[in-house]
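Notes follow once the structure below has been shown.
Only a predicted model underlies this, so the values are computations on that prediction, with no experimental measurement involved.
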2 protein chains.
Amino acid sequence: MASECKHDHTELLGRVKGEMPTDEFLSDLADLYKIFGDSTRIKIMFSLYEEEMCVCAISELLGMTQSAISHQLKVLKDAKLVSNRREGKTIYYRLADDHVKSIIAQGFDHLLEED
Amino acid sequence: MASECKHDHTELLGRVKGEMPTDEFLSDLADLYKIFGDSTRIKIMFSLYEEEMCVCAISELLGMTQSAISHQLKVLKDAKLVSNRREGKTIYYRLADDHVKSIIAQGFDHLLEED
DNA sequence: CTTTTATATGAATGATTGTTCATATGTTTA
DNA sequence: TAAACATATGAACAATCATTCATATAAAAG
């Protein structure tokens with residue numbers, strides 16, 4: 001399956017391989033970024049950046065159905081990127097921790113700092 | 001299309017809306033993270049973390065076909081996350097800048113710091 | 001206890017996307 | 001210039017996934 005070129009990479013590959021995390025770790029890392037890689041979810045997380053919001057407020061803000069928002073909130077919650085609390089019939093969501101904020105801010109800066 | 005709940009969110013929505021970037025910006029942000037959200041691409045970027053590598057070395061390292069690697073390198077290059085140089089028949093790829101490293105490192109830390 | 005309100009969820013569908021296969025491009029060597 | 005080598009790329013296929021629709025759960029109000 002792999003390449004069939006005639007180069008000799010044994011030295012280089014040995015070095016690089018030694019510094020690579022496990023496949024499992026790298027898959028987890030990809031899965032984490034995958035969650036940030038959807039504009040609906042990004043918008044939800046941005047909405048929650050400053051304060052908590054209930055589901056219907058988010059769906060109103062984004063102009064999307066309550067169902068679509070609930071599905072994405074579930075994805076975010078399963079990934080522990082948001083948490084929630086119930087108050088009567090209403091459920092309020094908030095960002096899980098400051099780490100989420102810093103990841104958003106990081107990509108934000110990257111986009112802004114492009115020539 | 002939007003929610004039809006009876007809550008009054010006008011005040012909240014006004015506040016949050018004022019701090020939200022444009023849809024276009026948030027889509028670009030999602031697109032950026034989408035690129036990090038694939039384990040093959042993450043592995044490629046990690047491979048290039050310390051030093052440049054040619055295509056066949058990467059495909060040998062990851063145990064994947066040259067074609068698959070080339071396709072993903074194109075995605076990474078279009079997003080300006082990697083750049084390359086030619087040396088005879090061989091083409092060497094490297095990370096475009098330190099921003100890519102810091103984004104990777106950020107997610108890395110997030111995974112490591114979980115309970 | 002029935003109705004209303006707020007949210008969650010399963011199934012279906014359409015769109016996106018990663019890999020493969022075949023082939024093309026570009027460079028060196030014989 | 002013909003063959004070998006390194007990489008790129010278009011088309012096809014399979015798999016993933018975001019949204020929709022219908023419906024379920026759960027709490028409050030009447």
Nearest-Å distance for atom pair [atom1]/[atom2], residues [X] and [N]:
| X | N | atom1 | atom2 | value |
| --- | --- | --- | --- | --- |
| A/Arg85 | C/dA8 | CZ | P | 14 Å |
| A/Leu76 | C/dA8 | CG | P | 12 Å |
| A/Lys74 | D/dA24 | NZ | C1' | 15 Å |
| B/Arg86 | D/dA8 | CZ | P | 8 Å |
| B/Asp8 | C/dA6 | CG | P | 12 Å |
| A/Tyr93 | C/dT7 | OH | C1' | 8 Å |
| B/Ile69 | C/dT19 | CD1 | P | 8 Å |
| B/Lys43 | C/dG18 | NZ | P | 14 Å |

### Task
Respond yes when some side-chain nitrogen or oxygen of B/His7 is under 4.0 Å from OP1 or OP2 of C/dT5, and no when none is.
no
### Query
Within the pair A/Thr65 and D/dT20, is there a side-chain N or O less than 4.0 Å away from OP1 or OP2?
yes
### Query
A/Phe36 and B/Phe36: aromatic ring centres closer than 6.0 Å?
no
#### Entry: Along DNA chain D (nearest heavy atom to each residue), the more 5'-positioned of A/Val75 and A/Gly88
A/Val75
Which nucleotide in the set [options] lies at the smallest distance from any side-chain heavy atom of [X]?
| X | options | result |
| --- | --- | --- |
| A/Cys56 | C/dT7, D/dA27, D/dT20 | C/dT7 |
| B/Lys89 | D/dT7, D/dA6, C/dT5 | D/dA6 |
| B/Lys34 | C/dT20, C/dT17, D/dA6 | C/dT17 |
| B/Ser70 | D/dT19, C/dG10, D/dA8 | D/dA8 |
| A/Ser67 | C/dT19, C/dT9, C/dA6 | C/dT9 |
| B/Val55 | D/dC5, C/dG18, D/dA8 | D/dA8 |

### Stacking check B/His71 vs D/dT9 (5.5 Å / 30 deg)
yes
### Query
So, is the end of the B/Lys101 side chain (NZ or CZ) under 6.0 Å from the ring centre of B/Tyr49 and within 45° of the ring's axis?
yes
### Query
Looking for any heavy atom pair under 4.0 Å, which part of the strands does B/Thr90 touch: base, sugar-phosphate only, or nothing?
sugar-phosphate
#### Entry: Any side-chain heavy-atom pair of A/Leu32 and A/Leu81 under 4.5 Å
yes
### Any donor-acceptor N/O pair under 3.5 Å between C/dA8 base and A/Gln66 side chain
yes
### Query
For the base of C/dT19, is there a side-chain donor-acceptor partner from B/Thr40 under 3.5 Å away?
no
### Message
With no hydrogens and no angle check, just 3.5 Å: does a side-chain donor-acceptor pair link A/Gln106 and A/Ser102?
### Response
no
### Query
Any donor-acceptor pair under 3.5 Å linking the side chain of A/Arg41 with the backbone of A/Lys34?
yes
#### Entry: Side-chain donor/acceptor of A/Asp28 to backbone N/O of A/Asp31, under 3.5 Å
no
